[in-house]
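Inspection log for the structure reproduced underneath, given as structure tokens.
This chain uses plain numbering: 1 for the first residue, then up along the sequence. Here the structure is a predicted model, which is why all the values come from computation and not from measurement.
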Amino acid sequence: METLISGLSDGAIYGLIAMGMSITFYVTRVINFAHGQLLMVAVMTIAEGTLAHWPLGASILLAFVASAAIAVLTYLIAIRPVLRRNRFNIIWVASTLGISIVLENGAAYFFGSDTVQFPVLLQNDTIKIGGVTISWQQILAFFLALAIGAAFELMRKNTTLGKVGMAVAFDPDMAAAIGANTNTLAIGAFALSGVLCAVAGVLLGPSSFANPYMGDTYAIYGFIAFIVSKTTYPLSALYAGIVLGVVAEEANALINANAASWFPFVVVLLLLVARPSWILVEGQGARRPARRRRPGRLAGTGAVHG
């Protein structure tokens, strides 16, 4: 049971990272390969702020701002110029990877490459339920992730901004033709992805250490959850991350202590072999040919319609 609880809390963090990836893909059809470094920036900002004796609230706020700002700059510098020239060009793969390398090395230069202890938030506060010890940090991670996912879905389906986002995701050219500001929406999507990475960093930090190279590991888990979720809806990416966290923790318990580092890749490979269509699917905006309706009869008339 403790393994399950740990998997759910870790999976919530992976899910938030995957959800951020999915939101930017949802709007721009671009995968930000510097996404894991946004989490690293948030964690390092809070850890270094604590070492400098800043108020914890100020450090967390600065981490949110920094992560969102870098996400937006990544879009403006490494992605938008590519999409402007050719929306179907995938040079953004190289440009976002370049941004990730710059962020890692920049953090190592400014903060140093040594591992830094993250401040304790709720990790030491625990409760016992049926003999199982659970930290409030784990409870917060799981339920906060679910609340964020639910809030996003409500916004997506019930607000004008969300409906415009769905229109852009379905057909960006048509959305632009009817007046939707796709560039502003993309900036908002990248800013939101940065905020989600900062939330994941705050939830992750107390049970981990901060260093400039930590982003790669969590980016890989987020990316696996993102592609397993079919890259279609951000909420499904959150759920996939939670399931991935449980699977990884159970692998650690049943196989060996290092199984979590390789077992998720086995899951992806098995899916690729058994059901490649599960992962390699058309994007949400891809148009499918309309089905031709079969002739039928109008009720009560006998008239044929087609």
Side chains of Leu146 and Ile242: does their closest heavy-atom pair fall under 4.5 Å?
yes
Report the C-alpha distance between Phe111 and Asn211 in whole Å, list the side-chain angles of each, state the deciding distance to 0.1 Å, and finish with yes or no for side-chain contact (heavy atoms from CB on, under 4.5 Å).
CA-CA 9 Å; Phe111 299 133; Asn211 68 71; over 6 Å; no
Does one side chain, of Asn158 or Glu153, offer a donor that lies under 3.5 Å from an acceptor on the other?
no
Output a table of donor-acceptor pairs, distance under 3.5 Å, between side-chain atoms of residues 190-204 and any protein atom two or more places apart or on a different chain; print 'none' if there are none.
residue : atom : partner : partner atom : Å
Ser193  : OG   : Phe190  : O            : 2.7

In this structure, CD1 of Ile13 is separated from CG of Leu144 (nearest 0.5 Å) by 10.5 Å
Any side-chain to backbone donor/acceptor pair from Arg156 onto Phe152? Under 3.5 Å, distance only.
no
Side-chain heavy-atom pair Phe226, Ile31 within 4.5 angstrom cut-off:
yes
What pair of heavy atoms forms the shortest contact from Ala12 to Leu238, and how long is it?
O-CD1, 4.2 Å
Check whether Val93 and Ile91 end up in the same hydrophobic cluster, where Ile, Leu, Val, Met, Phe, Trp and Tyr are linked by side-chain heavy atoms less than 4.5 Å apart.
yes
Enter the distance from Leu235:CG to Lys157:NZ here, rounded to the nearest 0.5 Å.
8.0 Å
Considering only heavy atoms from C-beta outward, does the side chain of Phe64 approach that of Ile60 to under 4.5 Å?
yes
Say you draw a straight line from CZ of Phe143 to CD of Gln138; how long is it, rounded to the nearest 0.5 Å?
12.0 Å
The test is side-chain contact (heavy atoms from CB on, under 4.5 Å); show your working for Ser6 and Asp10 and say whether it passes.
CA-CA 6 Å; Ser6 179; Asp10 288 349; 3.8 Å; yes
Take Ile46 and Leu56 through the side-chain contact (heavy atoms from CB on, under 4.5 Å) test and state the conclusion after the steps.
CA-CA 7 Å; Ile46 296 171; Leu56 181 59; 4.1 Å; yes
So if you build clusters from Ile, Leu, Val, Met, Phe, Trp, Tyr with side-chain heavy-atom gaps below 4.5 Å, do Met40 and Tyr213 land together?
no
Linking I/L/V/M/F/W/Y whenever their side-chain heavy atoms sit closer than 4.5 Å, directly or via other members, would Leu103 and Leu62 fall into one cluster?
no
If the condition is ring pair (Phe, Tyr, Trp, His ring centres under 6.0 Å), which residues does Phe33 pass it with, not counting sequence neighbours?
Phe223
For a quick test of reading the model, state the closest non-hydrogen atom pair linking Ile101 to Asn105 and the distance between them.
O-ND2, 2.8 Å
Going hydrophobic residue to hydrophobic residue with side-chain gaps under 4.5 angstrom, can you get from Met19 over to Leu140?
yes
Please answer: with hydrophobic residues joined when any side-chain heavy atoms are less than 4.5 Å apart, are Leu154 and Leu185 in the same cluster?
no
Are any of the side-chain heavy atoms of His35 and Asn32 separated by less than 4.5 Å?
yes
Residues 70-82, side-chain donor-acceptor partners within the protein, below 3.5 Å, at least two apart:
residue : atom : partner : partner atom : Å
Thr74   : OG1  : Ile70   : O            : 2.8
Tyr75   : OH   : Asn183  : OD1          : 3.0
Arg80   : NH1  : Asn183  : OD1          : 3.4

Value rounded to 0.5 Å, distance of CE in Met44 from OG in Ser59:
12.5 Å
Flag, side chain of Thr24 to backbone of Met21, donor-acceptor distance under 3.5 Å
yes
Nearest-0.5 Å distance, OG1 of residue Thr28 to CD1 of residue Ile23:
11.5 Å
Note: Asp216 and Gln37 closest approach over all heavy atoms is OD1-NE2, 2.9 Å
Search all heavy atoms of Met214 against all heavy atoms of Leu39 and return the closest pair with its distance.
CE-CD2, 3.9 Å
Report yes if the side chains of Tyr221 and Leu244 come closer than 4.5 Å at any heavy-atom pair, otherwise no.
yes
Check: Ser22 side chain, Ala18 main-chain N or O, donor-acceptor pair, under 3.5 Å
no
